[in-house]
**Q** 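If you scroll down you'll find the structure; I have some questions about it.
Sequence lines set the chain letters: A, B, ... in the order given, protein chains first and strands last, and positions in each chain run from 1. Every value quoted in this text rests on a predicted model; they were computed, and no experiment measured them.
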Number of protein chains: 2
Amino acid sequence: MPKKETKAKLFQGSLDMLILKTLTNGSMHGYSITRHIFEASEEFINVEEGSLYPALHRMARKGWIESSWGTSDSNRRAKFYKLTQKGKKQLKVEQAAWLNMNSAINQILDFRLAKG
Amino acid sequence: MPKKETKAKLFQGSLDMLILKTLTNGSMHGYSITRHIFEASEEFINVEEGSLYPALHRMARKGWIESSWGTSDSNRRAKFYKLTQKGKKQLKVEQAAWLNMNSAINQILDFRLAKG
DNA sequence: CATCTCCCATAGAATGTCTATGTAATATAA
DNA sequence: TTATATTACATAGACATTCTATGGGAGATG
């Protein structure tokens, strides 16, 4: 066996935020979004296509992102997504929630009984 | 309306870790576990009973915790759970995964294009 | 011309959390 | 002593999100 691939599973609920954040770097097509997330996370987070596309469609339905067909760097048909104002607001909301939950969880992980 | 209760939803996959960690403080019954988590998180994380008990049963099935009936501080019948060796190992695994994912996500959130 | 990489998409499984509901015993307040 | 609140366990079913698996097509590469 080549490598201990422990397949880092995403915490459910965090993908939207990662996509929104990635799109603050500018309009991007789906495939490219996963590449960015992969690289930005030092190859730790690999968003599966079966997670990505449903998420993008969901987010478009909610008005957080908008799509338009175009041509990718490698000259292929690709659907480009860009953040809407609503999406920018949503990102802020999700980042705040993330920070709160993050600190709450870390507090529990470091929790020590210091009574008396 | 009294308060803006934005109901902090748990990221799916983190509850087991919180329970395991809580039980490192010693044997505890279910209801008490949620109280501990609630207080340790500064009243941010309120684990619903519909989440808690299925989680406990799941974890018992996996051999991470063991249960036995006893009497609570308030003199009621309660099922006490304690960590097994397997559970302690599992906690380490989940904490490591949490730290990795945590740092990966935070990296993305702080991601800035610094090319050139 | 074959293969690889890029790019989109969906169905269905798996998982875990939530809401809602039910039960029951003890503690507390009226 | 009766009503209410709190403690404590439990499950069913809804819901949401991610995953695996699969399919297709078009341009790049050898």
**Q** Could you go through A:Tyr31 and A:Glu49, starting from their C-alpha distance and side-chain angles, then the distance that decides it, and tell me whether this counts as side chain to side chain contact (heavy atoms under 4.5 Å, CB included)?
**A** CA-CA 8 Å; A:Tyr31 190 83; A:Glu49 299 189 303; 4.0 Å; yes
**Q** Under 4.0 Å: is that the gap between some side-chain N or O of A:Ser51 and OP1 or OP2 of D:dT17?
**A**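 No, outside the criterion.
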**Q** Starting from B:Tyr81, can I reach B:Phe38 by hopping between I/L/V/M/F/W/Y residues whose side chains sit under 4.5 Å apart?
**A** no
**Q** Side-chain N or O of B:Tyr31 versus OP1/OP2 of D:dT7: is the shortest distance under 4.0 Å?
**A**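 Yes, B:Tyr31 has a side-chain N/O under 4.0 Å of OP1/OP2 on D:dT7.
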**Q** Using whole Å, what does the distance between atom C1' of nucleotide D:dA28 and atom CG of A:Asp73 come to?
**A**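 After rounding, the reported distance stands at 14 Å.
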**Q** Got a donor-acceptor contact below 3.5 angstrom from the A:Thr84 side chain to the A:Gly63 backbone?
**A** yes
**Q** Hey, any chance A:Ile65 and A:Phe80 share a hydrophobic cluster, counting ILVMFWY side chains that come within less than 4.5 Å of each other, even indirectly?
**A** no
**Q** Rounded to the nearest Å, what distance is computed from the CG atom of residue A:Leu52 to the P atom of nucleotide D:dT18?
**A**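 A:Leu52 atom CG is separated from D:dT18 atom P by 11 Å.
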**Q** Round to a whole Å and report the spacing from CG of B:Leu56 to P of C:dG16.
**A** 13 Å
**Q** Any chance you could list the contact pattern along nucleotides 22-30 of chain C? Use B for base contacts, S for sugar-phosphate-only contacts and - for none, protein heavy atoms under 4.0 Å, 5' to 3'.
**A** ---BBS---
**Q** Please give the angle, rounded to 10 degrees, between the axes at the start and the end of the helix from C:dC1-D:dG30 to C:dA30-D:dT1, where five pairs define each axis.
**A** 20°
**Q** How close or far is atom C1' of C:dC6 from atom CD1 of A:Ile33, stated in whole angstroms?
**A**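 My rounded result for the distance is 15 Å.
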**Q** Using a 4.0 Å heavy-atom cut-off, does A:Leu15 contact any base of the nucleic acid, only the sugar-phosphate backbone, or nothing at all?
**A**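 Sugar-phosphate, backbone atoms only, no base.
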**Q** What parts of residues 60-72 of chain B reach DNA chain D, counting only heavy atoms under 4.0 Å away?
**A** B:Trp69, B:Ser72
**Q** With heavy-atom distances below 4.5 Å as the criterion, would you say the side chains of A:Gln95 and A:Lys21 are in contact?
**A**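 A side-chain contact exists here, since the closest heavy-atom pair is under 4.5 Å.
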**Q** With a 4.5 Å cut-off on side-chain heavy atoms, are B:Arg35 and B:Asn46 touching?
**A**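 Yes, their side chains come closer than 4.5 Å.
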**Q** Look up atom CG in A:Leu10 and atom OG in A:Ser51, then write down how far apart they are to the nearest 0.5 Å.
**A**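 Here the interatomic distance stands at 7.0 Å.
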**Q** Within the distance-only criterion (no hydrogens, no angle test), does the side chain of B:Gln90 pair as donor or acceptor with the backbone N or O of B:Trp64 below 3.5 angstrom?
**A**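 The answer is no, because no donor-acceptor pair under 3.5 Å joins these two groups.
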**Q** Whole-Å distance between D:dC9 C1' and B:Phe80 CZ?
**A**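 Atom-to-atom, B:Phe80 to D:dC9, this comes out as 13 Å.
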**Q** Just N and O in the side chain of B:His57: are any of them under 4.0 Å from OP1 or OP2 of D:dT11?
**A**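 Checking B:His57 against D:dT11: at least one side-chain N or O falls below 4.0 Å of OP1 or OP2.
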**Q** Check the distance between D:dG25's P and A:Arg77's CZ and give it to me in whole angstrom.
**A** 12 Å
**Q** Indicate whether OP1 or OP2 belonging to C:dT15 is found under 4.0 Å from a side-chain N or O atom of A:Lys9.
**A**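 Indeed not, no polar side-chain atom of A:Lys9 lies that close.
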**Q** Under 4.5 Å between any side-chain heavy atoms of B:Leu52 and B:Leu15, yes or no?
**A** no
**Q** Would you call the rings of A:His57 and A:Tyr53 parallel, tilted or perpendicular if under 30° counts as parallel and over 60° as perpendicular?
**A** tilted
**Q** Rounding to an integer number of Å, can you tell me how far B:Phe11 CZ sits from C:dC18 P?
**A** 12 Å
**Q** Among D:dT18, D:dC19, C:dT10, find the nucleotide with the atom closest to the side chain of A:Glu48.
**A** D:dC19
**Q** Is any side-chain heavy atom of B:Arg76 closer than 4.5 Å to one of B:Thr71?
**A** no
**Q** Does A:Gln12 or B:Gly30 map to a spot on DNA chain D nearer the 5' end, using the closest nucleotide for each?
**A** B:Gly30
**Q** Starting from C1' on C:dG16, measure out to CG on B:Leu18 and report it in whole angstrom.
**A**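 So the two atoms are 13 Å apart, to the nearest Å.
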**Q** Just checking A:Ser14: base, sugar-phosphate only, or nothing, at a heavy-atom cut-off of under 4.0 Å?
**A** sugar-phosphate
**Q** Give the nucleotide from the list C:dC18, C:dA9, D:dA10 with an atom nearest to the side chain of B:Leu10.
**A** C:dC18
**Q** Mind running side chain to side chain contact (heavy atoms under 4.5 Å, CB included) on A:Asn102 and B:Ile105 for me, showing each step along the way?
**A** CA-CA 11 Å; A:Asn102 199 51; B:Ile105 289 179; over 6 Å; no
